[in-house]
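Structure first, then comments.
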Amino acid sequence: MKHIQLTLIGLILVLTGLWAAADSVWFEAFAIFNFRTSMLNYTGILAIGAMSVGMLLALRPRGRIESFLGGLDKSYRLHKWLGITALVTAIAHWLWVEGVKWAVGWGWLERPARKGARPVYEGLQGWLAGQRGLAEDVGEWAFYAALVLIGLALIKRFPYRYFFKTHRWLAVVYLVLVYHSVVLMKFSYWTQGIGPVMAVLLAGGTVAAFVSLTRRVGQTRRTVAVVDEVEYHADNRVLRVAVSLQGNWPGHQAGQFAFVTLDPREGPHPFTMSSAWKGDGKMFFLIKALGDYTNTLPATVKVGDAVQVEGPYGRFSFRGRHPRQIWVAGGIGITPFIARMQALCEQPDGKAIDLFYSTSAPDAEFIRRLRQRAERAGVTLHVVIAAEQGRLTPQRIRELAPGWAEASVWFCGPAGFGQSLREDWVAQGRSPDDFHQELFEMR
């Protein structure tokens with residue numbers, strides 16, 4: 001989490017510092033209309049800068065970027081906060097445009113008299129000056145579109161299938177805003193430190209926008225699969241879907257996930273792979289009925305169906321220096337731990353492991369299989385059924401895992417539950433770096 005915060009804050013500070021070095025706001029701060037112009041440039045730079053980095057993260061980068069942020073799930077969390085930052089600063093930008101106009105109209109401010117004819121520019125600067133009117137108009141409409149589209153993305157109740165389709169239109173909005181920014185950014189900025197940085201961000205974001213619009217995000221990591229087996233656990237409403245991959249797959253580690261397209265009209269959804277990779281092209285997913293789409297899958301997914309699998313992604317790797325590990329699974333958050341137990345059956349790592357599985361909808365057959373896997377993997381399983389034993393608490397975990405002070409914690413489940421565990425972990429004097437959490441929210 002700290003890398004997400006550092007990246008966001010670092011981006012804001014770098015853009016702020018470069019803007020301040022290039023702008024004369026410090027010398028003209030008492031002239032309201034000059035100050036307004038500087039603030040327009042500043043808020044515009046922050047908004048399009050944050051949006052540009054967000055566009056780049058939408059490409060689902062792997063390698064060093066994913067490792068630094070701690071996985072694609074963390075990258076998407078940063079993507080979300082970049083979108084919020086862009087939205088807030090864009091609103092501030094709009095208010096600087098409109099607010100001063102309102103103040104003049106209400107008689108609170110007096111517009112300064114023009115000092116002669118406007119200067120005439122030549123070459124590129126002259127062309128940009130001629131585009132200002134159009135850039136202002138399209139930028140205003142692009143702002144309204146971004147306001148709606150980003151707002152919809154932040155509404156969890158907005159159906160995923162519509163979010164998946166509407167969110168792509170932000171790439172078009174972004175391209176319009178790139179034009180708006182290039183034309184209206186103070187021309188002298190291009191010869192200062194802020195100029196090359198903005199050029200790189202805008203160029204990278206433009207490429208990312210075209211990749212998104214042509215639906216080529218993750219294209220090299222996609223493969224086709226066929227459904228081999230479908231099993232529904234009615235008591236806990238979990239669907240097990242086993243597939244055979246028909247194309248190349250680089251293999252995956254326990255704890256990683258893939259984007260799976262079971263219905264082309266719905267688009268890809270992220271699901272954790274619940275099986276360890278054995279090189280045989282086989283894997284399965286455990287899918288909890290949590291929304292409109294997943295509720296329909298038990299009736300729509302059939303053996304023989306063709307599906308698309310993209311991945312693998314994620315850094316929920318179970319690696320660490322501690323001799324003990326505590327795994328905490330809330331509901332369908334059990335999936336990465338099932339895959340890890342399968343891997344441990346093949347190759348034990350010698351760590352002492354306590355697995356806490358908290359569920360409010362127990363399925364007897366599902367739990368029986370879980371106990372068998374845990375026993376074969378040498379994992380101590382604690383099943384906590386909320387209706388019978390109450391909610392799982394940090395204190396209870398410490399009581400049932402007496403070696404907790406020498407362990408790292410691996411959590412997958414509801415975000416609020418994970419936050420309370422993390423806070424307790426830190427309150428006990430433990431390092432937050434030893435608490436690993438899957439942020440399984442892609443929006």
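Heavy-atom neighbours of D280 CG from other residues, nucleotides or ligands within 6.0 Å: above the threshold of 12. Within 6.0 Å of the CD atom in Q256, the count of heavy atoms belonging to other residues, nucleotides or ligands exceeds 12. Annotation for W81: atom CH2 does not count as buried by contact number, only 12 or fewer foreign heavy atoms lying within 6.0 Å. In R319, the CZ atom is not crowded: 12 or fewer heavy atoms of neighbouring residues, nucleotides or ligands sit closer than 6.0 Å. Remark: W249 CH2 is packed, more than 12 non-hydrogen atoms of other residues, nucleotides or ligands lying under 6.0 Å away. The neighbour count for Q347 CD, taken as heavy atoms of other residues, nucleotides or ligands under 6.0 Å away, does not exceed 12. By the neighbour-count criterion of 12 heavy atoms within 6.0 Å, atom CZ of F210 is sparsely surrounded, having that number or fewer from other residues, nucleotides or ligands. Other residues, nucleotides and ligands place no more than 12 heavy atoms under 6.0 Å from the CD atom of E406.
In terms of modelled atom types and a separation under 3.5 Å, the side chain of H322 and the main chain of S408 share no donor-acceptor contact. Judged purely by atom type and a 3.5 angstrom limit, R430 uses its side chain to pair as donor or acceptor with the backbone of A405. With E66 contributing its side chain and G314 its backbone, the two residues share a donor-acceptor pair below 3.5 Å. Formation of a donor-acceptor pair under 3.5 Å by the R36 side chain with backbone atoms of W96 is found in this model. In this structure a side-chain-to-backbone donor-acceptor pair under 3.5 Å is present from H252 to S275. At distances below 3.5 Å, not a single donor-acceptor pair connects side-chain atoms of S212 with backbone N or O atoms of R168.
For the residue pair T206/Y174, the side-chain donor-acceptor check at 3.5 Å is not satisfied. Using modelled atom types, one finds a donor on one side chain and an acceptor on the other under 3.5 Å when comparing Q419 with E423. Y179 and Q131 share a side-chain donor-acceptor pair at under 3.5 Å.
Taking the ring centre of F435 as origin, the terminal cationic atom of R422 falls outside the region bounded by 6.0 Å and 45° from the ring axis. Figure legend: R221 and Y313 shown without cation-pi pairing, the cationic atom not lying both under 6.0 angstrom from the six-membered ring centre and within 45 degrees of its axis.
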Let me see the working for F316 and F318 under ring-ring contact (aromatic ring centres under 6.0 Å, His included), right down to the final yes or no.
-> CA-CA 6 Å; F316 200 69; F318 297 97; 5.3 Å; yes

Could you give me the CA-CA distance, side-chain angles and deciding distance for L72 and S75, then say whether side-chain contact (heavy atoms from CB on, under 4.5 Å) is met?
-> CA-CA 5 Å; L72 186 65; S75 297; 4.1 Å; yes

Might you work through the side-chain contact (heavy atoms from CB on, under 4.5 Å) test for D354 and L400, ending with a clear yes or no?
-> CA-CA 9 Å; D354 286 272; L400 295 175; over 6 Å; no

Step by step, work out the ring-ring contact (aromatic ring centres under 6.0 Å, His included) result for W102 and W94.
-> CA-CA 12 Å; W102 297 335; W94 179 81; 5.8 Å; yes

Can H382 and T380 be said to form a side-chain contact (heavy atoms from CB on, under 4.5 Å), step by step?
-> CA-CA 7 Å; H382 310 271; T380 302; 3.6 Å; yes

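Using a 4.5 Å heavy-atom cutoff, the side chains of L370 and F337 are not in contact. The side-chain heavy atoms of L202 and S52, taken from C-beta on, include a pair separated by under 4.5 Å. The side-chain heavy atoms of F143 and I91, taken from C-beta on, include a pair separated by under 4.5 Å. Residues M198 and I48 have side chains in contact (heavy-atom distance under 4.5 Å, counting atoms from C-beta outward). When side chains are defined from C-beta on, T16 counts as touching L46, because their heavy atoms get closer than 4.5 Å. Considering only heavy atoms from C-beta on, I334 comes within 4.5 Å of L355 through its side chain. Proximity of I367 to Y357: side-chain heavy atoms (C-beta onward) are separated by under 4.5 Å at one or more points. Annotation: side chain of F356 is in contact with side chain of I326 (closest heavy-atom distance under 4.5 Å).
Using a 4.0 Å cut-off between a side-chain N of Lys or Arg and a carboxylate O of Asp or Glu, D433 and R321 do not qualify as a salt bridge. Ion pair R265/D263 flagged as a salt bridge, since at least one NZ, NE, NH1 or NH2 atom sits closer than 4.0 Å to an Asp/Glu carboxylate oxygen.
You'll find the ring centres of F285 and F257 outside the 6.0 Å limit.
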